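Remember, it's 1-based here, ligands and their atoms both numbered in the order they're listed. Predicted model only: the values in this text are computed from it and were never measured.
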Amino acid sequence: MKPDYERPVIQKLNTGLLNKFGSRTEQRPVKQIEGVAISDLMDQYGSPLFVISEKKIRQTYRRALKAFTMRYPKVQFAWSYKTNYLDAVCRVFHQEGSWAEVVSGFEYRKALGNGVPGNLIIFNGPDKSTEDLQMAVDNRSLIHIDHFDELYALIELLEGTEKRARVAIRVNMDTGVYPQWDRFGFNYESGEAWNAIMKIVTQKNLDLEGLHCHIGTYMLTPGAYSVATQKMCELAQATANRTGVKVKYIDMGGGFCSSNTLKGSYLQGVDVIPTFDDYAEAIVNTIMHFGFRPDELPLLILETGRALIDEAGSLLGTVLAAKRLSDGRRATILDIGVNILFTSFWYNHRISPAQEFTQHAEEMALYGPLCMNIDCIRESVSLPLLKRGDRVVIHEVGAYNMTQWMQFITLRPNVVMIDTNGKVHLIRKNETMESIVEQECLPDHLKDFTL
Ligand SMILES: *Cc1c(COP(=O)(O)O)cnc(C)c1O
């Protein structure tokens, strides 16, 4: 068979730009996900298309859980809804034993809708309306208080009733990683967290059940968790010593890295990120050495988000055009824009062609379909030659994209999940003209016009 014609390429030789692993991001085409052909997926569900592997979620979750349970007797994960709150995804985590961690009334209701018992929902975040607080009190949920105004609202709500609320405070602190996240919760070093604790324990209908922190996201240093755990333990001990209230749990939040590569990083994420074992070692060692009595060890709660779901998600797309920029660089335009791949602002996402290619590679910019200059998926990546109609796979997109995506210029695509038997399920339908317009209301006087 005669080989297909492929246009010639001219390559400028650059020195000193590559790291020691060279520039090729992917050596082989990726033609299937969990045994399902990418061409079949795209023929049936369109392009672009988000694909989630249920098997990968379960494997990753079990790996994380094991890293902690083999070191510590009392561990509980709570699924961070904002990381990916598609019901099918949440239910995989709940089937695995995860509680729910939510940060708004909307997410709270979504967790209830998924069948999570109210007492296993952790309600975080700065945005809890009085109505949300009432709902959380009535359901016996764990309310993680973010600021004094929320505390006062809760006290007011319970005034004159027999009801009790189960609460914790969110603590922010210096962990040696900057910029420090100090906009959420009560500060440790200034004594504000202590003030909040004193206010809570002197209220007759508030039960201080735990202490919570969430020190950042994509934390590259496990040592920051040692520092944070130490401060949380100290706060728990001071509370017990001075007020007699022994908190039942310490919640270390989320923040573990997924293996994605941050922009500007010299090495691939997979080569530099800590493992679940590294994080578990840092956290558990600190608690174990702190000096709790064995029968008084607190429950350790983790709200890990991105590290549990990123790898399970892929985004399939199609090449719309290959063109040349005025300075001679190559540009490839995909049907995947930053509106559906929000994380391309932070990550150098790994991208693979979904069909065979030759040995030639080119440095190129990858743009999305939006008529907006910011719509760039990769500023510069070395990939085999791509032409209109070719298909690509963007790897590790499971975290934050399916919640932060927006309807802008184009419509949001289908999301499918491949179950552990290789069966494909549609778990979120693509938007249509009708589903968008349905939300709009047109005033009568604007209904008619003549041009
Ligand atoms: C976002 C968030 C998480 C999850 O964070 P990751 O960095 O994705 O692990 C956990 N807890 C709270 C309070 C959050 O806001």
Side-chain angles (χ1 to χ4, degrees), residues 57 60-61 63-65 67-68 76-86 89-90 93 98-108 110-111 120-128 132 136 141-147 150 167-173 175 177 179-186 210-222 224-225 228-229 232 249-260 262 269 273-276 278-280 282-283 300-313 342-343 345-347 396-404:
I57 301 178
T60 311
Y61 178 82
R63 209 156 35 84
L65 182 67
F68 283 88
Q76 179 62 51
F77 277 81
W79 175 239
S80 158
Y81 264 50
K82 76 170 186 295
T83 310
N84 189 319
Y85 45 57
L86 293 177
V89 169
C90 296
F93 283 106
S98 258
W99 296 356
E101 184 274 325
V102 302
V103 291
S104 69
F106 158 70
E107 288 189 3
Y108 187 96
K110 220 161 185 302
L120 305 184
I121 300 177
I122 295 172
F123 200 167
N124 280 318
D127 170 20
K128 304 181 190 84
D132 294 337
S141 300
L142 296 164
I143 303 169
H144 286 186
I145 300 169
D146 187 82
H147 42 71
E150 184 180 323
V167 304
I169 56 161
R170 173 156 178 179
V171 181
N172 70 64
M173 63 188 85
T175 60
V177 173
Q180 191 181 327
W181 276 22
D182 62 359
R183 56 168 285 194
F184 301 109
F186 303 92
L211 296 171
H212 169 240
C213 67
H214 172 59
I215 58 176
T217 192
Y218 201 93
M219 302 295 285
L220 280 158
T221 39
Y225 285 94
T229 308
M232 296 288 276
Y249 67 88
I250 287 180
D251 180 342
M252 295 305 298
F256 302 161
C257 298
S258 70
S259 55
N260 251 307
L262 276 189
I273 61 153
T275 62
F276 287 128
D278 296 333
Y279 291 118
I283 293 170
L300 171 60
I301 297 181
L302 297 150
E303 303 169 346
T304 312
R306 76 173 72 239
L308 292 181
I309 186 70
D310 225 6
E311 248 188 286
F342 231 79
T343 52
F345 289 125
W346 301 287
Y347 291 144
E396 286 187 68
V397 301
Y400 295 103
N401 287 304
M402 284 157 261
T403 45
Q404 283 188 284

Geometric class of the Phe93/Trp79 ring pair [parallel <30°, tilted 30-60°, perpendicular >60°]: parallel

Spacing of Glu396 atom CD and Ile309 atom CD1 [to the nearest 0.5 Å]: 11.5 Å

Heavy-atom closest pair, residues Asp310 and Ser258: OD2-OG, 2.7 Å

Could you list, one pair per line, each nitrogen or oxygen of ligand 1 together with any protein nitrogen or oxygen closer than 3.5 Å, giving atom names and the distance rounded to 0.1 Å?
residue	atom	partner	partner atom	Å
ligand 1	5 (O)	Tyr400	OH	3.4
ligand 1	7 (O)	Thr217	OG1	2.4
ligand 1	7 (O)	Gly255	N	3.2
ligand 1	8 (O)	Arg306	N	2.9
ligand 1	8 (O)	Tyr400	OH	2.5
ligand 1	9 (O)	Gly255	N	2.8
ligand 1	9 (O)	Gly305	N	2.8
ligand 1	11 (N)	Glu303	OE1	2.6
ligand 1	15 (O)	Lys82	NZ	2.6

Row check, Phe123 ring normal vs Lys128 NZ/CZ: under 6.0 Å, within 45°: yes

Any side-chain donor near an acceptor of the partner, Glu303 and His212, under 3.5 Å: yes

Tyr225 and Tyr279 aromatic ring geometry - parallel, tilted or perpendicular at 30°/60° bounds: perpendicular

